[in-house]
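As structure tokens, the structure follows; a few thoughts come after it.
Just so you know, ligand 1 is whichever comes first in the structure, and atom 1 is the first atom listed for that ligand.
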Amino acid sequence: MSVCLYPGSFDPVTNGHMDIIRRAARLFDTLYVGVLYNPDKHGLFSPEERAEMLKEACSDIGNVKCVLWDGLTAALCRELHADAIVRGVRGTADLEYEKSMAALNKMLLPGLDTVFFPANAAFEHISSSYVKQIASFGGDITEMVPECVKAPVTNKYKNIKGGKKDV
Ligand code: COA
């Protein structure tokens with residue numbers, strides 16, 4: 001039985017992530033989607049909130065399980081008996097970063113490979129950061145995130161008002 005892990009910050013999950021999840025779920029028997037900690041990022045949502053949104057967004061995909069993990073990706077793979085890591089790649093900048101992570105994860109857990117999925121052109125400009133930035137200025141994120149993610153994101157910014165300022 002093939003088991004793989006798609007780790008990420010998912011702050012929040014976007015339609016770009018969902019495209020990778022659906023494609024990977026067709027190739028592996030079990031796909032774990034893990035909310036992990038990226039020490040370089042400060043989250044808008046707590047890890048628990050991110051995992052809850054992910055779980056709801058993936059509820060119609062039978063072989064996907066959502067997990068929350070505070071530790072190394074390689075250690076979670078060992079724990080889950082995962083054969084591979086899945087990551088989406090949007091372009092050359094992503095690829096350089098992903099190649100390093102894949103190599104380091106393989107050093108930490110020999111035999112662990114990373115499978116790269118090229119991002120769907122329709123989603124390659126979407127990122128969690130842009131979704132948050134657009135929502136923070138009152139922009140419409142409907143086309144960028146799963147339905148269940150839209151309200152939680154816009155609610156985070158409902159008291160922030162932008163617009164013209166007199167100087
Ligand atoms: N379509 C659209 N956007 C995509 C995408 C796709 N297919 N794939 C990724 N993205 C975007 C995300 O929205 C995100 O945007 P952001 O930077 O604005 O948040 C960005 O690309 C990548 O984010 P994500 O996929 O969530 O991953 P990450 O780089 O934040 O996560 C971890 C990295 C969590 C996997 C990594 O830090 C980790 O493994 N942490 C655990 C500790 C560890 O093991 N460290 C050693 C690693 S070698």
D60 atom CG, neighbour heavy-atom count above 12 within 6.0 Å: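 Yes, because the 6.0 Å sphere around CG of D60 holds more than 12 heavy atoms from other groups.
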
More than 12 heavy atoms from other groups under 6.0 Å of NZ on K55: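 No, not enclosed.
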
Any N or O on [X] sitting closer than 3.5 Å to an N or O of ligand 1?
X	value
Y130	no
G71	no
R87	yes

D94 bridged to R87 by N-O distance under 4.0 Å: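 No salt bridge links D94 with R87.
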
Interatomic distance, [X] atom [atom1] to [Y] atom [atom2] [nearest 0.5 angstrom]:
X	Y	atom1	atom2	result
N63	Y32	CG	OH	11.0 Å
I85	N105	CD1	CG	4.0 Å
I126	M18	CD1	CE	12.5 Å
T73	M101	OG1	CE	7.0 Å
I21	L54	CD1	CG	5.5 Å
E56	E147	CD	CD	9.5 Å

Any D11 heavy atom less than 4.0 Å from ligand 1: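 Judged by the 4.0 Å heavy-atom criterion, D11 does not count as contacting ligand 1.
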
Top protein contact for [atom], by heavy-atom distance:
atom	value
atom 45 (N) of ligand 1	L72 CD2, 3.9 Å
atom 29 (O) of ligand 1	Y97 OH, 2.7 Å
atom 39 (O) of ligand 1	T73 OG1, 2.6 Å
atom 9 (C) of ligand 1	H17 NE2, 3.9 Å
atom 36 (C) of ligand 1	M101 SD, 4.0 Å
atom 14 (C) of ligand 1	K41 NZ, 4.0 Å
atom 40 (N) of ligand 1	Y37 O, 3.1 Å
atom 1 (N) of ligand 1	G16 CA, 3.2 Å

Relative to the heavy atoms of [X], which atoms of ligand 1 are at a distance of less than 4.0 Å?
X	value
F123	1 (N), 2 (C)
F10	26 (O)
I20	7 (N)
L104	48 (S)

Residue part near ligand 1, for E124, under 4.0 Å between non-hydrogen atoms: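 For E124, there is no contact with ligand 1 at all, from either part.
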
Donor-acceptor contact present, side-chain D113 to main-chain A84, <3.5 Å: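 Absent.
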
Nearest protein heavy atom under 4.0 Å from atom 32 (C) of ligand 1, yes or no: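 There is no protein heavy atom less than 4.0 Å from atom 32 (C) of ligand 1.
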
Criterion side-chain contact (heavy atoms from CB on, under 4.5 Å) on R50 and L36, from CA distance to verdict: CA-CA 10 Å; R50 298 178 212 173; L36 280 95; over 6 Å; no

